[in-house]
**Student:** 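Following this message is one structure expressed as structure tokens.
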Amino acid sequence: MRIATWNVNSVRSRIDRVEAFVARHDVDVLVLQETKARDDQWPLMGLQAMGYEVATHGLNQWNGVAVVSRVGLEDVEPGFPGMPGFGDPVAPEARAIGATCGGVRVWSLYVPNGRKVDDPHMTYKLEWLAALRTQATQWLADDPDAAVVLAGDWNVVPTDDDVWDIEQFRNSTHVTPAERAAFAAFIEAGYADLARPHTSGPGTFTYWDYYRQRFERNRGMRIDFLLGTPAVEQRVTGAFVDRDERAGTGASDHAPVIVDLR
DNA sequence: ATGGTCGTTTCACGA
């Protein structure tokens, strides 16, 4: 089973690329972030014609997540229990959706950006990650053999090697000790970075800013991850970043990350 | 410190 995660930065402006991507790589399950489409705006028809089911969670023009699957799509759940902002009548958030696909519980996650280190959104980001970690820990406690994948745009750079120049990020979000600790807490809880063993080495990034020719110069960041429970980790046979998807006109600022399970 | 480029419900703001 081939699972991919991709921050698509508007699914409506990039649906042709999404359809070409799943066809090119024979993807079974694709989780998307920053779809920027309400549920009623989603361009479903092409994917459905290709044999995929689609579960969307979009409340406004911001955020938005989805699960696309051709190996079943059951028990769809927008948001996770205790997720900050979920169901908020003033500022509702659409940053997580879960579904069971081919026997694996898959979550599409769009972790809050944080904006600035001293911004309230940074506190929100850390609370969001802590709430998710509480759930992730519980799922594994309930069933140590659970097959769970937490995939998406984590907006965290776990190590200095995961960014093109750490000196450029001295007072920035994504690299602070608090964010790195929040990410590491998932590893400590028993979740493994599924792609890293197969996509190692400096310069392996998943995101490049649009401006200043960051992609052409490979000045990027690794912030898109698939974390898996032990039951999933032992099934991984390979992984790669589809760097080509970031090239050319009309690309998202993120590249997809693909993981293969036996 | 600023600005660069994308996206959106665009003449403003988030990433």
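Lettering follows sequence order; numbering is per chain, from 1.
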**Student:** Taking for each residue the nucleotide of DNA chain B with the nearest heavy atom, is it A:V11 or A:G114 whose nucleotide lies nearer the 5' end?
**Tutor:**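 First, find each residue's nearest nucleotide; the 5'-ward one identifies A:V11.
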**Student:** Measure the distance from CZ on A:R95 to C1' on B:dA15 and round it to the nearest whole Å.
**Tutor:**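 In whole Å, B:dA15 C1' lies 11 Å from A:R95 CZ.
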**Student:** Any donor-acceptor pair under 3.5 Å linking the side chain of A:R133 with the backbone of A:A185?
**Tutor:** yes
**Student:** Would one find a side-chain N or O of A:R12 under 4.0 angstrom from OP1 or OP2 of B:dT9?
**Tutor:**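 Answer yes for this pair, as a side-chain N or O of A:R12 is under 4.0 Å from OP1 or OP2.
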**Student:** Considering heavy-atom distances to DNA chain B, does A:G250 or A:D153 have its closest nucleotide positioned more toward the 5' end?
**Tutor:**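 Residue closer to the 5' terminus by nearest nucleotide: A:G250.
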**Student:** Output the rounded distance in Å from NZ (A:K116) to C1' (B:dA1).
**Tutor:** 11 Å
**Student:** Mind running side chain to side chain contact (heavy atoms under 4.5 Å, CB included) on A:L126 and A:E179 for me, showing each step along the way?
**Tutor:** CA-CA 7 Å; A:L126 297 172; A:E179 288 164 283; 4.1 Å; yes
**Student:** From the options B:dA15, B:dT9, B:dT8, select the nucleotide whose nearest atom is closest to the side chain of A:Y110.
**Tutor:** B:dA15
**Student:** May I ask you to check whether A:W128 and A:F86 place their ring centers less than 6.0 Å from one another?
**Tutor:** no
**Student:** With side chain to side chain contact (heavy atoms under 4.5 Å, CB included) as the test, would you mind laying out the steps for A:W154 and A:L227 before giving the verdict?
**Tutor:** CA-CA 10 Å; A:W154 290 75; A:L227 302 189; 3.7 Å; yes
**Student:** What is the distance, to the nearest angstrom, from the CG atom on A:N155 to the C1' atom on B:dG14?
**Tutor:** 12 Å
**Student:** Expressed in angstrom and rounded to an integer, what is the separation of A:N63 atom CG from B:dG7 atom C1'?
**Tutor:** 13 Å
**Student:** So, does the side chain of A:Q61 form a donor-acceptor pair with the base of B:dT8 at under 3.5 Å?
**Tutor:** no
**Student:** Work out how far the C1' atom of B:dA1 is from that of B:dC11, and round it to whole angstrom.
**Tutor:** 25 Å
**Student:** Side chain of A:S10 only, heavy atoms from C-beta on: which candidate in B:dT8, B:dT9, B:dG4 is closest?
**Tutor:** B:dT8
**Student:** So A:R115, base contact, sugar-phosphate only, or nothing? Heavy-atom distance under 4.0 Å.
**Tutor:**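 A:R115: backbone/sugar contact only, no base atoms under 4.0 Å.
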**Student:** What is the distance from NZ of A:K125 to P of B:dG14, rounded to the nearest Å?
**Tutor:**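 The distance from NZ of A:K125 to P of B:dG14 comes to 16 Å, rounded to the nearest Å.
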**Student:** Hey, what's the ring geometry for A:W6 with A:F21, parallel, tilted or perpendicular (30° and 60° as the breaks)?
**Tutor:**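 Judged by the thresholds at 30° and 60°, the geometry between A:W6 and A:F21 is tilted.
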**Student:** Tell me what A:F215 touches on the nucleic acid: a base, only sugar-phosphate, or nothing, going by heavy atoms under 4.0 Å.
**Tutor:** nothing
**Student:** Just do the ring pair (Phe, Tyr, Trp, His ring centres under 6.0 Å) check on A:H25 and A:F240 with the steps written out, would you?
**Tutor:** CA-CA 11 Å; A:H25 292 299; A:F240 62 98; 5.3 Å; yes
**Student:** Once you round it to whole Å, what is the distance between P of B:dA15 and CH2 of A:W154?
**Tutor:** 18 Å
**Student:** In whole angstroms, how far is the P atom of B:dA1 from the CD atom of A:Q168?
**Tutor:**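 Going from CD in A:Q168 over to P in B:dA1 covers 14 Å.
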**Student:** Indicate, with a heavy-atom threshold strictly under 4.0 Å, whether A:R14 touches base, sugar-phosphate, or nothing.
**Tutor:** sugar-phosphate
**Student:** I want to verify a distance call: between B:dG7, B:dT9, B:dG14, whose nearest atom is closest to the A:N60 side chain?
**Tutor:** B:dT9
**Student:** Give me the distance, rounded to whole Å, that separates B:dT9 from B:dG14 when you measure between the C1' atoms they each carry.
**Tutor:**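 Each nucleotide's C1' atom is 14 Å from the other's.
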**Student:** If I take atom CD in residue A:Q41 and atom C1' in nucleotide B:dT8, what distance separates them, rounded to the nearest angstrom?
**Tutor:**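 Nearest whole value for this atom pair: 10 Å.
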**Student:** Measuring only the C1' atom in each nucleotide, how far is B:dA15 from B:dT10? A whole number of Å is fine.
**Tutor:** 15 Å
**Student:** Would you classify A:D209 as touching base, sugar-phosphate or nothing, given that sugar-phosphate means primed atoms plus P, OP1 and OP2, and contacts are heavy atoms under 4.0 Å?
**Tutor:** nothing
